[in-house]
Amino acid sequence: MKKDQLLTRRRALIAGLGALGAAGAAGLLTSGTGGEPGPTAAPAPGPPARRPLRPSAYRLQPLAGYGPSNASGRTPVRREPLLRMSGIGRTMVLTFDDGPDPRYTPDILRTLREYDVPAMFFVCGEMAAEHRDLLAEMAEDGHVVGNHTWSHPLLTQLTRARIRTEMERTSAVIEEAYGERPLWFRAPYGAWNRAAFQLGAELGMEPLAWTVDTLDWTEPGTRTIVDRVEEGAGPGVVILAHDAGGDRSQSVWALRDYLPHLLDAGYHLTVPRRYQV
């Protein structure tokens, strides 16, 4: 699919699903797969002085995730996705959707490795199947890999059987390439429904959304992506970015910019943990 067609489709999906504000980020801000490769460009010049980071105003439901889901050991069936992470201090989570893509994912992994920061990668099965070496690299570096379905469809338009197939195929590829079955999943386009929650729980996965959407898939410019991350920074915040689905050079350069600034501001970049049950 050509890049302009992809953007048109995404915007149509957003309009059909309904717009949400930042506090509704569990819903319908989008991402996507496909698109044409683009050259890696230097970040756009930013202002000479940077605003100090301050805790975000977001105070959403905490992310359950530092032990078994409940006493029975079964993953609960949620009615809405988890939005933020619980924890002590200024902790945040970086998440990347739609990959892995050999044009951009390796650069992101190198930057995370340079600063010794773990992240979450919600991968599409068809991408993971072609680039298993990148999932192995994620495992070696201590990143968490989640399920983002096989082909990035709009789940609300699929039958229950098709949703199961999308999830199961992806979980199988992740287990083979990463070494463990995924314990987290994210609905494409942020479009969740009852079947997705139920099937995800049956497969042992918790649904994770996000608190702050960088909207990097729109290619707004490196400076804009950096500003969105830094303005949304706060304890427990989950950042949504992408390492595939189009030209992600801006996302690569933005990470190199905002990551050291977050660390200098005292934020601890981490990942949620769940025990296998």
(message) Please report the interatomic distance CG(L155) to CZ(R160), rounded to the nearest 0.5 Å.
(response) 12.5 Å
(request) Take I163 and N193 through the test side-chain contact (heavy atoms from CB on, under 4.5 Å) and record every step on the way to the result. (result) CA-CA 10 Å; I163 294 173; N193 60 12; 4.1 Å; yes
(message) Let me check something: do V271 and F122 share a hydrophobic cluster, defined by ILVMFWY side-chain heavy atoms less than 4.5 Å apart, either directly or through other members?
(response) yes
(message) Going by the rule side chain to side chain contact (heavy atoms under 4.5 Å, CB included), which residues pair with E114 if we only count those two or more places apart in sequence or in a different chain?
(response) none
(request) Taking salt bridge (Lys or Arg N to Asp or Glu O under 4.0 Å) as the test, write out the residues that go with R162, two or more places apart. (result) E166
(request) Taking the side chain as every heavy atom from C-beta outward, state whether L183 and M205 have any atom pair closer than 4.5 Å. (result) no
(message) Side chains of D247 and Y104, heavy atoms from C-beta outward: is any pair under 4.5 Å?
(response) yes
(message) So which atom in A209 and which in V238 form the shortest heavy-atom distance, rounded to 0.1 Å?
(response) O-CG1, 3.7 Å
(message) Rounded to the nearest 0.5 Å, what separates atom NE2 in H148 from atom OG1 in T170?
(response) 10.0 Å
(message) Assigning hydrophobic clusters by single linkage (Ile, Leu, Val, Met, Phe, Trp, Tyr; side-chain heavy-atom cutoff under 4.5 Å), is V173 placed with M127?
(response) no
(message) According to side-chain hydrogen bond (donor to acceptor under 3.5 Å, both in side chains), who are the partners of S251, at least two apart in sequence or on a separate chain?
(response) D216
(message) Less than 4.0 angstrom from a charged side-chain N to a carboxylate O is my criterion; do R74 and E206 meet it?
(response) no
(message) Is there a side-chain contact between E202 and M167 in this structure, where contact means two heavy atoms from C-beta onward sitting under 4.5 Å apart?
(response) no
(message) Go through it in stages, so that I can follow the logic: the residues are V123 and I174, the test is side-chain contact (heavy atoms from CB on, under 4.5 Å), and I'd like the CA-CA distance, side-chain angles, deciding distance and then a yes or no.
(response) CA-CA 8 Å; V123 302; I174 291 173; 3.7 Å; yes
(message) Tell me whether R113 is salt-bridged to E137, with the criterion being a basic N under 4.0 Å from an acidic carboxylate O.
(response) yes
(request) Would you give the length of the straight line joining atom OG1 of T211 to atom CE of M92, rounded to the nearest 0.5 angstrom? (result) 8.5 Å
(message) Between V229 and T214, is there a side-chain heavy-atom distance shorter than 4.5 Å?
(response) yes
(message) Applying side-chain hydrogen bond (donor to acceptor under 3.5 Å, both in side chains), can you list everything that pairs with T95, at least two apart in sequence or on another chain?
(response) R186
(request) Side-chain contact test, heavy atoms from C-beta onward, threshold under 4.5 Å: evaluate it for L82 versus W184 and give yes or no. (result) yes
(request) Mark yes or no for whether T111, through its side chain, and R256, through its backbone, hold a donor-acceptor pair below 3.5 Å. (result) no
(message) Please give me the minimum heavy-atom distance between P272 and V144, naming the atom from each residue.
(response) O-CG2, 4.2 Å
(request) Name all residues meeting the side chain to side chain contact (heavy atoms under 4.5 Å, CB included) criterion together with T105; count only those two or more places apart in sequence or in a different chain, and write none if there are none. (result) P100, D101, L109, F121, L134, M138, D243
(request) List in chain and number order the residues that pass side-chain hydrogen bond (donor to acceptor under 3.5 Å, both in side chains) with S171, two or more places apart in sequence or in another chain; answer none if no residue qualifies. (result) N147
(request) Determine, stepwise, if the pair L269 / L263 fulfils side-chain contact (heavy atoms from CB on, under 4.5 Å). (result) CA-CA 8 Å; L269 284 303; L263 295 172; 3.6 Å; yes
(message) Testing the basics here: between I108 and H242, what is the closest heavy-atom pair and its distance to 0.1 Å?
(response) CD1-O, 4.3 Å
(request) Quick one: list whatever passes side chain to side chain contact (heavy atoms under 4.5 Å, CB included) with P220, sequence neighbours left out. (result) T218, T224, I225, R228, Q250
(request) Determine which pairs satisfy salt bridge (charged side-chain N to carboxylate O under 4.0 Å, His left out) with at least one residue from residues 188-198, sequence neighbours left out, and list them in order. (result) none
(message) Filter on salt bridge (charged side-chain N to carboxylate O under 4.0 Å, His left out), then keep only pairs touching residues 144-156, sequence neighbours left out; what's left?
(response) none
(request) With sequence neighbours left out, write down each residue that passes side chain to side chain contact (heavy atoms under 4.5 Å, CB included) with D133, or none if nothing qualifies. (result) H131
(request) With the side chain counted from C-beta on, respond yes when C124 and S151 share a heavy-atom pair under 4.5 Å apart, and no when they do not. (result) no
(request) Keeping the roles fixed (side chain from R248, backbone from A244), state whether a donor-acceptor pair exists under 3.5 Å. (result) yes
(request) Specify the closest pair of heavy atoms between P207 and W192, including all atoms of both residues, with the distance to one decimal. (result) CB-CZ3, 3.4 Å
(request) Would you give the length of the straight line joining atom CD of E126 to atom CH2 of W150, rounded to the nearest 0.5 angstrom? (result) 7.5 Å
(message) Ring-plane angle category for Y189 and H152, please: parallel below 30°, perpendicular beyond 60°, tilted otherwise.
(response) perpendicular
(message) Working to the nearest 0.5 angstrom, can you tell me the gap between Y267 OH and H261 NE2?
(response) 10.0 Å
(message) Please check: side-chain N/O of R84 versus main-chain N/O of P235, any donor-acceptor pairing under 3.5 Å?
(response) yes
(request) Indicate the atoms forming the closest heavy-atom contact of G190 with W210, along with that distance. (result) CA-CH2, 3.8 Å
(request) Output all residues satisfying salt bridge (Lys or Arg N to Asp or Glu O under 4.0 Å) with E130, sequence neighbours left out; order by chain, then residue number. (result) none
(request) Go through the structure and list residues passing salt bridge (Lys or Arg N to Asp or Glu O under 4.0 Å) with E140, not counting sequence neighbours. (result) none
(message) Would you say that L259 contacts V117 through its side chain, given a criterion of any heavy-atom pair below 4.5 Å between the two side chains?
(response) yes
(message) To the nearest 0.5 Å, what is the distance between CG on L262 and CG on L255?
(response) 9.0 Å
(request) Give the minimum heavy-atom separation between F96 and A119, together with the two atoms involved. (result) CE1-CB, 4.0 Å
(message) Any non-hydrogen side-chain atom of M120 less than 4.5 Å from a side-chain atom of H143?
(response) no
